[in-house]
Amino acid sequence: MTRIAVLISGGGSNMVALVRAMQAGGWAEPVLVLANDPDAGGLEKARSMGVPIAAVDHRDFKGDRPAFEKALSDALATAQPDILCLAGFMRVLTADFVAQWAGRMLNIHPSLLPKYKGLQTHARALDAGDLQHGCTVHEVTSELDDGPILGQATLDVAPDDTPETLATRVLPLEHALYPRVLERFVAGDKTLLSLRDVNVD
Ligand code: GAR
């Protein structure tokens, strides 16, 4: 069975959606949830779902990214994943690390890429007057928030939306999109999945 590691930095709601879908569907095995912060709330959630957890605190490496990534790689080596899923993992990875996982690493980003790479995506969509907004799952390449797009979920921006309401409305779309894209990816399907008006949790 395909082995999946999920990398998180915070609450890990996307990780929970991925693990639930794998455990319910049996199409892949979550073998590790790895955080760059030992206090990441998602670690306890993963543990309670029976998934092995590990943390590599990036602050211990004082900006030495290769050393941080060596520690990440050591943690991953124990779990032997086939695919890495970045799920709210807020550290930028070096080109070397990305190259080691070329074609085997996915990310979810809270915008309709190629729009709004980086941070503050919801505020930037509002500032631009966008009528539609959403989230994207893509393959990770060495360019930040770039790489082939595998799936997008879209919603209509409401006149009274704020960055906070958009974040709240986009997150369930992320939870619907990411597991579906991962399941297809595991099966070798890299064609674009577009979700609109999905029933979300
Ligand atoms: C999600 O909205 C995810 O798209 C975003 O962080 C949040 C993590 O939430 N990721 C990025 O902004 C990556 N650049 P979660 O920890 O509850 O899954």
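Fair warning: this is a prediction, and the values are worked out from it, not measured in the lab. Atoms within each ligand, like the ligands themselves, are counted from 1 in listed order.
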Asks: With a 6.0 Å cut-off on the ring centroids, do His138 and His109 count as close?
Replies: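 So the answer is no for these two rings.
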Asks: Just to be sure I read this right, does ligand 1 sit under 4.0 Å from the backbone of Leu171, its side chain, both, or neither, counting only heavy atoms?
Replies: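 Near ligand 1, Leu171 shows its side chain, while the N, CA, C and O stay back.
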Asks: Do Gln152 and Thr136 get their side chains close enough for a donor-acceptor pair, meaning under 3.5 Å?
Replies: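 A pair is found: one side chain offers a donor N or O, the other an acceptor, under 3.5 Å apart.
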Asks: Look at atom 17 (O) of ligand 1 and say which protein heavy atom is nearest, naming residue and atom and giving the distance to 0.1 Å.
Replies: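 Scanning the protein heavy atoms, the shortest distance from atom 17 (O) of ligand 1 goes to Ser13 OG, 2.5 Å.
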Asks: Would you say the side-chain atoms of Glu174 pair up with the backbone N or O of Ile108, donor to acceptor, closer than 3.5 Å?
Replies: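 Side chain of Glu174 to backbone of Ile108, a donor-acceptor pair under 3.5 Å: no, none is there.
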Asks: I need the atoms of ligand 1 closer than 4.0 Å to a non-hydrogen atom of Gly11, numbered in the order shown.
Replies: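 The list of qualifying atoms is 16 (O).
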Asks: If we ignore hydrogens and angles and just use 3.5 Å, is the side chain of Arg169 paired with the main-chain N or O of Gly134 as donor and acceptor?
Replies: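 Looks like no, no N/O pair under 3.5 Å.
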Asks: Which residue and atom name correspond to the protein heavy atom nearest atom 4 (O) of ligand 1, and how close is it?
Replies: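 For this ligand atom, the closest protein heavy atom is Glu174 OE1, 2.7 Å.
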Asks: Considering heavy atoms of the protein only, find what lies nearest to atom 12 (O) of ligand 1 and give residue, atom and distance to 0.1 Å.
Replies: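 Here the closest protein heavy atom is Pro110 CD, 3.4 Å.
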Asks: A quick test of your reading: do over 12 heavy atoms of other residues, nucleotides or ligands sit less than 6.0 Å from NZ of Lys117?
Replies: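 Buried by this count: over 12 neighbours within 6.0 Å.
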Asks: For atom 8 (C) of ligand 1, which protein heavy atom lies nearest, and how many Å away is it?
Replies: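 Minimum-distance protein heavy atom for atom 8 (C) of ligand 1 reads Gly88 CA, 3.6 Å.
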Asks: Under 3.5 Å, is there a donor-acceptor pair linking the side chains of Ser9 and Asp37?
Replies: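 No donor-acceptor contact under 3.5 Å links the two side chains.
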Asks: With respect to Asn14, determine whether any N or O atom, backbone or side chain, lies less than 3.5 Å from an N or O atom of ligand 1.
Replies: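 N/O-N/O distance under 3.5 Å: yes.
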